[in-house]
Amino acid sequence: MLAFAPLDAAVTAASTAVTALADLVAPLAGGAATAAAIVLFTFAVRLLISPLSWAQVRGERSRTALAPQLREIQRKYADDPARMQAEVVGLYRSAGASPLAGCLPALLQAPFFLVMYRLFTTADPDSGLLAERLAGVPLGHHVADGLGGAAGPLFAVLFAALLVLAWWSSRRMRRTAALAAAAGAGAAAPAKATGRAGEPQPDVAALLGRIMPLLPYGTLIVAAVVPLAAVLYLVATTAWTALEHAVLRRPQPAPLAVPVPGR
């Protein structure tokens with residue numbers, strides 16, 4: 001249990017912050033103060049870690065800008081993996097970029113999301129945070145507890161919001177996957193033509209292109225098994241993500257080519 005002590009402390013601190021925020025907005029939100037506090041607290045946390053998202057986008061753009069040079073290196077040194085790796089490292093170094101620039105920020109965000117998830121799923125449903133109500137429905141109420149009274153319309157609205165957000169995210173992912181597949185077509189052709197070791201080359205990009213657009217709909221599955229408080233969190237955080245993607249990943253001017261080292 002000691003391994004979870006820091007996480008439990010973080011969850012307790014987050015619960016205290018949500019309670020204080022609910023007291024602050026109570027004059028305006030009335031009986032929905034805790035629900036409003038959950039949404040506001042989620043936005044505050046996402047704003048706090050937004051520099052990580054900006055770093056992730058910068059890393060993705062760096063890799064995208066270097067894609068033509070990386071494909072050329074792969075083509076030129078296809079039979080010399082050691083030289084290929086050295087050239088790739090040199091390319092990233094000359095461009096002042098890192099192949100991990102887009103991955104580390106996403107990993108660093110995970111602890112924040114874990115704390116938020118535990119806060120809204122492990123609290124006592126009979127007291128404290130989950131005992132508060134929204135439209136007369138306890139925040140600890142699950143879909144499996146029944147959809148009578150106000151629970152049915154409330155969950156219907158929230159699930160509709162999650163569905164629209166999932167559709168938007170899926171559509172964006174399909175478009176991104178299509179662009180990535182088109183960009184990688186030139187590099188895939190030489191690899192298939194050489195037939196290294198006589199083995200067929202799996203089309204990983206195509207597989208990911210089919211799977212990734214389905215992932216946003218997983219929020220609907222999660223929402224079906226977590227309490228209302230967690231559903232509010234899911235709606236708030238996915239809405240923030242959609243807005244973040246729309247702002248940070250808007251089309252950029254075509255970057256200047258970076259010369260390949262040694263050419």
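Ion pairing of R83 with E87 is present here, as a side-chain N (NZ or NE/NH1/NH2) and a carboxylate O approach within less than 4.0 Å.
Atom OH of Y233 and atom OG1 of T42 lie 6.5 Å apart (nearest 0.5 Å). The structure places CG of L162 at 5.5 Å from CG of L220, a figure rounded to the nearest 0.5 Å. Atom OG1 of T34 is separated from atom CZ of R133 by 12.0 Å, given to the nearest 0.5 angstrom. Expressed to the nearest 0.5 Å, how far CG of L40 lies from CZ of F43 amounts to 7.5 Å. Distance NE2/H141 to CG/L134: 12.0 Å, rounded to 0.5 Å. The distance from atom CG of L163 to atom CH2 of W168, rounded to the nearest 0.5 Å, is 15.0 Å.
The closest donor-acceptor contact from the side chain of H245 to the backbone of W240 lies at 3.5 Å or more, if one exists at all. Formation of a donor-acceptor pair under 3.5 Å by the T238 side chain with backbone atoms of V235 is found in this model. Put simply, the side chain of S15 never gets that close to the backbone of V11: no donor and acceptor are under 3.5 Å apart. Checked by atom type and distance alone, the side chain of S169 pairs as donor or acceptor with a backbone atom of L165 at under 3.5 Å.
More than 12 non-hydrogen atoms from other residues, nucleotides or ligands lie less than 6.0 angstrom from CZ of F159. Counting heavy-atom neighbours within 6.0 Å of L47 CG, excluding the residue itself, gives a total above 12.
For the residue pair V231 and V226, the shortest heavy atom distance occurs at CG2-CG2, 3.9 Å. Closest non-hydrogen pair, G140 versus D145, comes out as O-OD2, 4.1 Å. Nearest approach of A135 to A150, heavy atoms of both residues: O-CB, 3.3 Å. Between A14 and L119, the shortest heavy-atom distance links the atoms CB-CD2, 3.8 Å. Among all heavy-atom pairs drawn from A26 and A33, the shortest one is CA-CB, 3.7 Å. Shown here for L147 and F155, the closest heavy-atom pair between the two residues is CD2-CD1, 3.9 Å.
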**Q.** Trace of the side chain to side chain contact (heavy atoms under 4.5 Å, CB included) decision for V143 with L228
**A.** CA-CA 8 Å; V143 170; L228 175 58; over 6 Å; no
Q.
Before you tell me yes or no, could you show the steps for W167 and Y217 under side chain to side chain contact (heavy atoms under 4.5 Å, CB included), namely the whole-Å CA-CA distance, both residues' side-chain angles and the distance that decides it to 0.1 Å?
A. CA-CA 8 Å; W167 171 83; Y217 293 99; 3.8 Å; yes
Q: Please assess M84 against I73 for the test side chain to side chain contact (heavy atoms under 4.5 Å, CB included), listing each intermediate value before the final yes or no.
A: CA-CA 6 Å; M84 181 191 299; I73 290 175; 3.9 Å; yes
Q. So F120 and L129, side chain to side chain contact (heavy atoms under 4.5 Å, CB included) or not? Walk me through it.
A. CA-CA 8 Å; F120 300 134; L129 179 66; 3.7 Å; yes
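Residues L234 and L158 form no side-chain contact, since every pair of their non-hydrogen atoms from C-beta on lies 4.5 Å or further apart.
For R46 and T241, the side-chain atoms include at least one donor-acceptor pair closer than 3.5 Å.
In the hydrophobic clustering of this structure, L48 groups with L21; members are Ile, Leu, Val, Met, Phe, Trp, Tyr whose side-chain heavy atoms approach within less than 4.5 Å, directly or through other members. Each of V39 and L28 belongs to its own hydrophobic cluster when Ile, Leu, Val, Met, Phe, Trp and Tyr are linked at side-chain heavy-atom distances under 4.5 angstrom. Hydrophobic clustering (side-chain heavy atoms under 4.5 Å, transitive across Ile, Leu, Val, Met, Phe, Trp, Tyr) keeps V157 apart from L139.
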